[in-house]
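See structure below.
If you're wondering where the values come from, they're calculated on a predicted model, not measured in any experiment.
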Amino acid sequence: MPEHETIGEVVEFFRQIFEGLCFMHSQHVAHRDCKYDNIMMDSSQLYHEQVHPTNVQRTRDYTRLSRVKFTRTQKPVKYYLIDFGLSCQYEATEEHPLAEPLWGGTQGLPEYETGELVNPFHVDVYCIANIVRNFIDGAFGIPPRAGLEFMSLLVEDMMQANPDKRPTMDEVVARFEDICNGLSSWKLRARFPLKDESFVAGIFCSILHWIKQFVYILTHTPALPKPPRMVDRCTVSRIQID
């Protein structure tokens, strides 16, 4: 799978998963198993031809190596939260629903240590923040990366030990939008480098990276690669499910 090349590509990934979970919560649905493995993307536009579903390094018929055609900046992709086997919808009148702890993909939730009932919406907030933290610190095959320091305070708040002090997903989306508004186009076009990258490799990769970015600037390719028909913020919460 093509890696995220720019900060803007990662920011757009965060935006979509935040807004997706925000929409679920607006419909009183808790996902209850938010983890990196439960996020999929439509990568069909990134390759010359369809890739194999279990090995993206090969073509769909498994006869050839797959070839990347576009970056996520050139062809913005959509991300999808999946696996709703543990999800639950609550009554709108239940402001603070409680449920049995479920040991999904995210370990170490503070409220699970007490053995008491938990608020599944608070758990979702913690788990979706843990995905962002994995991009910073590295986990589950994701190497630690640099350049996301602007996410630190929001992630810390979303992962507070006291679940009642965590922001709601509406608040997360609003704060994230404020963060994005403070990022310059140069920051969004910046590389998303490995933390342990050598100095020489960093110089070489940066030169190639900025040559590509100046081409994008000249062709008016946005630094924040939003897919078409994406709904801004959590206005989707006004959509009612029939």
- Query: For Glu9, which residues count as a side chain to side chain donor-acceptor pair (under 3.5 Å) partner, sequence neighbours excluded?
  - Reply: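 With sequence neighbours excluded, Glu9 shows a side chain to side chain donor-acceptor pair (under 3.5 Å) to Thr73, given in chain and number order.
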
- Message: Holding to side chain to side chain donor-acceptor pair (under 3.5 Å), I want the full list of residues that pass it with Asn55, two or more places apart in sequence or in another chain.
- Response: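 Asn55 satisfies side chain to side chain donor-acceptor pair (under 3.5 Å) with Tyr62 once adjacent residues are dropped.
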
Is atom [atom1] of [X] surrounded by more than 12 heavy atoms (other residues, nucleotides or ligands) closer than 6.0 Å?
{"X": "Glu91", "atom1": "CD", "value": "no"}
{"X": "Glu49", "atom1": "CD", "value": "yes"}
{"X": "Arg60", "atom1": "CZ", "value": "no"}

Counting only N and O atoms by type, is there a donor-acceptor contact under 3.5 Å from the side chain of [X] to the main-chain atoms of [Y]?
{"X": "Tyr90", "Y": "Pro120", "answer": "no"}
{"X": "Gln16", "Y": "Val11", "answer": "no"}
{"X": "Asp124", "Y": "Arg32", "answer": "yes"}
{"X": "Thr6", "Y": "Arg189", "answer": "no"}
{"X": "Ser198", "Y": "Ala201", "answer": "yes"}
{"X": "Ser66", "Y": "Gln57", "answer": "yes"}
{"X": "Gln74", "Y": "Thr71", "answer": "yes"}
{"X": "Asn38", "Y": "Asp33", "answer": "yes"}

- Message: Could you tell me if Lys69 sits above the aromatic ring of Tyr47, with its cationic atom closer than 6.0 Å to the ring centre and no more than 45 degrees from the axis?
- Response: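 That pair does not qualify as a cation-pi contact.
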
- Message: Whether Arg145 engages the ring of Phe135 as a cation-pi pair (distance to the six-membered ring centre under 6.0 angstrom, angle to the ring normal within 45°) should be assessed.
- Response: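 Arg145 over Phe135 ring: no.
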
- Query: Are the aromatic ring centres of Phe121 and His25 under 6.0 angstrom apart?
  - Reply: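 Ring-ring flag for Phe121/His25: true, centres closer than 6.0 Å.
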
- Query: Lys78 and Glu12: salt bridge (Lys or Arg N to Asp or Glu O under 4.0 Å), yes or no, with the steps?
  - Reply: CA-CA 9 Å; Lys78 291 184 179 180; Glu12 179 57 24; over 6 Å; no

Does a side-chain N-to-carboxylate-O contact under 4.0 Å join [X] and [Y]?
{"X": "Arg133", "Y": "Glu156", "result": "no"}
{"X": "Asp61", "Y": "Arg64", "result": "yes"}
{"X": "Asp157", "Y": "Arg175", "result": "yes"}
{"X": "Glu149", "Y": "Lys187", "result": "yes"}
{"X": "Glu5", "Y": "Lys212", "result": "yes"}

- Query: When hydrophobic residues are tied together by side-chain contacts of less than 4.5 Å, even through go-betweens, does Val77 share a cluster with Met40?
  - Reply: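 No, separate clusters.
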
- Message: Grouping I, L, V, M, F, W and Y whenever their side-chain heavy atoms are under 4.5 Å apart, do Ile179 and Leu188 come out in a common cluster?
- Response: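 Linked, Ile179 and Leu188 end up in one cluster.
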
